[in-house]
Amino acid sequence: SFVIGMAVDQAEPWEGTVYRAYKDVARILTVCTGHTGKDIVIGKTYTDAECKALAFSDMKRELDIALKCSPHLLWHPIVAIAVGGWSFNLGGNRYCTSSLRVAFDKGDFETGCDAMGKYIYAGGKVYEGLRLRRYGDKTRIGEIELCKASLTPARWWAFRVKAGLV
């Protein structure tokens, strides 16, 4: 689907793609674009096509979970894309118990988007990669910035400028 593909595109610059298994910052065995699980083959070099398929499958799984909890987000595809990136990183089940969901389900999108910023810790410490992923940097759109992009015309225009779309 469009939302899944766009969510993968948004998450990939933050996840990066590594074609051989490694342990991430939380010491979890990972390969490709943030893929974790018992199916990882240690020592194997994955192809770009395999990595793309894993990323799409993983995003679909996590976003499907999040959208079962907040199906109305399908009416807000830009927010759904941001939630997809967030859920890809932290898990759809975590979304379902998060303050993001509570706010989105009340229709308070500003608070829901801002709540993404609470999730910047790894091992009890602020992890710069997670902070940047949530807030963005000069060249990459952060999840909060993307989430808020569609809330007002001015934000949408600023987002399009930063993304090089105009």
Is there a side-chain contact between [X] and [Y] (heavy atoms, below 4.5 Å)?
{"X": "Lys148", "Y": "Glu110", "answer": "yes"}
{"X": "Glu15", "Y": "Phe88", "answer": "yes"}
{"X": "Tyr95", "Y": "Leu73", "answer": "yes"}
{"X": "Val31", "Y": "Val18", "answer": "no"}
{"X": "Val83", "Y": "Leu67", "answer": "no"}
{"X": "His76", "Y": "Ser150", "answer": "no"}
{"X": "Ile78", "Y": "Cys147", "answer": "no"}
{"X": "Arg94", "Y": "Ser87", "answer": "no"}

Give me the atom names and distance for the closest heavy-atom approach of [X] to [Y].
{"X": "Ile40", "Y": "Leu29", "answer": "CD1-O, 3.5 Å"}
{"X": "Ser99", "Y": "Ala115", "answer": "OG-CB, 3.6 Å"}
{"X": "Leu74", "Y": "Pro77", "answer": "O-CD, 4.0 Å"}
{"X": "Ala55", "Y": "Val8", "answer": "O-CG2, 3.8 Å"}

(request) Test Ile4 against Phe56 for side-chain contact (heavy atoms from CB on, under 4.5 Å), laying out the working first. (result) CA-CA 7 Å; Ile4 294 168; Phe56 192 89; 3.4 Å; yes

(request) Answer yes if the side chains of Arg134 and Asn89 hold a donor-acceptor pair under 3.5 Å, and no otherwise. (result)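 The criterion, which ignores hydrogens and geometry beyond distance, is satisfied for Asn89 and Arg134.
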
(message) Is it the case that the side chains of Thr17 and Thr33 hold a donor-acceptor pair, with the cut-off being a distance below 3.5 Å and no angle test?
(response)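 Indeed, the side chains of Thr33 and Thr17 share at least one donor-acceptor pair under 3.5 Å.
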
Same hydrophobic cluster for [X] and [Y], using side-chain heavy-atom links shorter than 4.5 Å among ILVMFWY?
{"X": "Phe2", "Y": "Leu63", "value": "yes"}
{"X": "Leu151", "Y": "Val102", "value": "no"}
{"X": "Ile65", "Y": "Met6", "value": "no"}

(request) Applying side-chain contact (heavy atoms from CB on, under 4.5 Å), run through Glu12 and Lys52 and close with a yes or a no. (result) CA-CA 10 Å; Glu12 196 282 329; Lys52 287 184 186 313; over 6 Å; no

(message) For Tyr119, give me all partners under ring-ring contact (aromatic ring centres under 6.0 Å, His included), at least two apart in sequence or on another chain.
(response) Trp86

Donor-acceptor pair, [X] side chain versus [Y] backbone, under 3.5 Å?
{"X": "Ser70", "Y": "His72", "value": "no"}
{"X": "Arg101", "Y": "Cys96", "value": "yes"}
{"X": "Glu143", "Y": "Ala82", "value": "no"}
{"X": "Gln10", "Y": "Ile141", "value": "yes"}
{"X": "Tyr46", "Y": "Val41", "value": "yes"}
{"X": "Arg133", "Y": "Gly142", "value": "no"}
{"X": "Thr30", "Y": "Ile28", "value": "yes"}

(message) Could you go through Leu132 and Leu130, starting from their C-alpha distance and side-chain angles, then the distance that decides it, and tell me whether this counts as side-chain contact (heavy atoms from CB on, under 4.5 Å)?
(response) CA-CA 5 Å; Leu132 289 171; Leu130 292 175; over 6 Å; no

(request) Determine, step by step, whether Asp39 and Leu54 satisfy the side-chain contact (heavy atoms from CB on, under 4.5 Å) criterion, reporting the C-alpha distance in whole Å, the side-chain angles of both residues, the deciding distance to 0.1 Å, and the verdict. (result) CA-CA 11 Å; Asp39 60 336; Leu54 287 170; 4.2 Å; yes

(message) For Tyr121, is the OH atom crowded, meaning more than 12 foreign heavy atoms sit under 6.0 Å from it?
(response) no

(request) Is it possible for you to check whether Lys125 lies under 6.0 Å from the centre of the six-membered ring of Tyr127, through NZ or CZ, and within 45° of that ring's axis? (result) no

(request) Look up atom CG in Leu146 and atom CE in Met116, then write down how far apart they are to the nearest 0.5 Å. (result) 8.0 Å

(request) Measure the spacing between NE2 of His35 and CG of Asp58 and express it to the nearest 0.5 Å. (result) 5.5 Å

